[in-house]
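The next block holds one structure in the form of structure tokens; read it before the comments.
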2 protein chains.
Amino acid sequence: MKQKKAIINKLRTSGLRPTKQRILIAQNLFEREKTFHFTVETLNKEINKNGSEKVSLATVYNTVEAFTKAGHIKEILTSKSKSYFDTNIKSHHHFYDEDSKELTDINYNQVKLSKVPNPPKGKKIKNLEVVIRLQK
Amino acid sequence: MKQKKAIINKLRTSGLRPTKQRILIAQNLFEREKTFHFTVETLNKEINKNGSEKVSLATVYNTVEAFTKAGHIKEILTSKSKSYFDTNIKSHHHFYDEDSKELTDINYNQVKLSKVPNPPKGKKIKNLEVVIRLQK
DNA sequence: TTCTAGTTTATAATAATTCTAAACTACAAA
DNA sequence: TTTGTAGTTTAGAATTATTATAAACTAGAA
Ligand SMILES: [Mn+2]
Ligand SMILES: [Mn+2]
Ligand SMILES: [Zn+2]
Ligand SMILES: [Zn+2]
């Protein structure tokens, strides 16, 4: 509620019309204290829980895609069956707890890759973020 | 064809009956010179290409699951839309080419993780295999 | 040879995601 | 202010990898 102007601006400068659905989702995602790791399913529940405005599941999918393309959130490749997203767009690593299916941030400097192979010619490394799988 | 006995034994000692379907798939997977990275789709094509014996897709799925549980192949978490498997069951890293969707092995000692965070209490690290995404 | 648990198979079901096309809306321009 | 239109939302259908179902088949112990 506090920085609605800023959010509208964020949307506009990404070429996204500030519709009430996008503003609602953006507020939910970007006005948090802590990093939020989510799936479309969890975000959809979150958005539609307090009976007020209903946002369709299709719109949640569309918005998550639009925000990802705009670089406001990023996708974490973790699970084979479901896509995970992250409001922390800085390069960083994760623990993934396979029991609870929860992601936790690891600071980038908490993992040190002291040796990395050269990519095949003609290709470059897109990213080097590590997901460390946890179990009991 | 050469070590059919060995393959039958491998199946038996895993508690898997050596059916003709499993033997065929095991021969295809385990009598290769080089590591094979595959999806169920590619393996199914491979198995069913030379008109001889037909193996149903359901059986390919069942067999891949059985071989994974037995530890004869392992799953690589790479793509969100499709499961990848690997005949190289040693701990090792991969390049994943997002254009061609191909996996390439990286020797375990080609990547050095000199600093790794401690897992949260009560949890342990299941594995530490890195997938390095490539792009043009 | 017989019996049965294990296996194969066609097919249906599931579930995340994407597509479609009609209704709606932000907003630039008149 | 009104209008025109491209962009957006939406319900529902389609897609696609995978898993479940249940009937027919078979390996192999007895
Ligand atoms: Mn999917
Ligand atoms: Mn799936
Ligand atoms: Zn994160
Ligand atoms: Zn490999």
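Just so it is clear: chains get the letters A, B, ... in the order the sequence lines come, proteins before strands, and each one is counted from 1.
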> OH of A:Y61 versus P of C:dT20: gap in Å, rounded?
Replying inline: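 Answer to the nearest Å: 17 Å.
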Output yes when at least one side-chain N/O atom of [X] is less than 4.0 Å from OP1 or OP2 of [N], else no.
| X | N | value |
| --- | --- | --- |
| A:T19 | D:dT9 | yes |
| B:R22 | D:dA27 | no |
| B:Q21 | D:dT26 | no |

Once you apply a heavy-atom cut-off of 4.0 Å, does [X] come out as touching a base, just sugar-phosphate, or nothing?
| X | result |
| --- | --- |
| B:T59 | base |
| A:S83 | sugar-phosphate |
| B:K20 | nothing |

> Are A:R133 and B:E75 close enough for a salt bridge, meaning some N to O gap below 4.0 Å?
Replying inline: no
> Is the closest basic N to carboxylate O distance between A:D99 and B:K123 below 4.0 Å?
Replying inline: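 Looking at B:K123 together with A:D99, the answer is yes, because their closest N to O distance falls below 4.0 Å.
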> What do you reckon, is NZ of B:K115 surrounded by more than 12 foreign heavy atoms closer than 6.0 Å?
Replying inline: yes
>> Taking the nucleotide of DNA chain D with the nearest heavy atom to each, does B:L57 or A:V60 sit closer to the 5' end?
In response: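 So the residue in question is A:V60.
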> Pick the nucleotide of DNA chain D nearest each of B:Y84 and A:V55; which residue has the one closer to the 5' end?
Replying inline: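 The residue whose closest nucleotide sits nearer the 5' end is A:V55.
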> Which nucleotide, D:dA20, D:dA11, C:dT7, lies nearest any side-chain atom of B:A58?
Replying inline: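 Output: D:dA20.
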> Of the nucleotides C:dA10, D:dT9, C:dT17, which one has an atom closest to the side chain of B:S56?
Replying inline: C:dA10
> In degrees rounded to 10°, what angle is found between the helical axes fit to the five outermost pairs at each end of the helix from C:dT1-D:dA30 to C:dA30-D:dT1?
Replying inline: 20°
>> In this structure, would A:F30 and A:V60 fall into the same cluster of hydrophobic residues linked by side-chain contacts under 4.5 Å?
In response: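 Yes, one cluster joins them.
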> When the aromatic ring centroids of B:F67 and B:F85 are compared, is their separation below 6.0 Å?
Replying inline: no
Atom pairs, N/O to N/O, protein against nucleotides 27-30 of chain C, distance under 3.5 Å?
| residue | atom | partner | partner atom | Å |
| --- | --- | --- | --- | --- |
| C:dC27 | OP1 | A:R12 | NE | 3.2 |
| C:dC27 | OP1 | A:R12 | NH2 | 3.0 |
| C:dC27 | OP2 | A:R12 | NH2 | 3.3 |

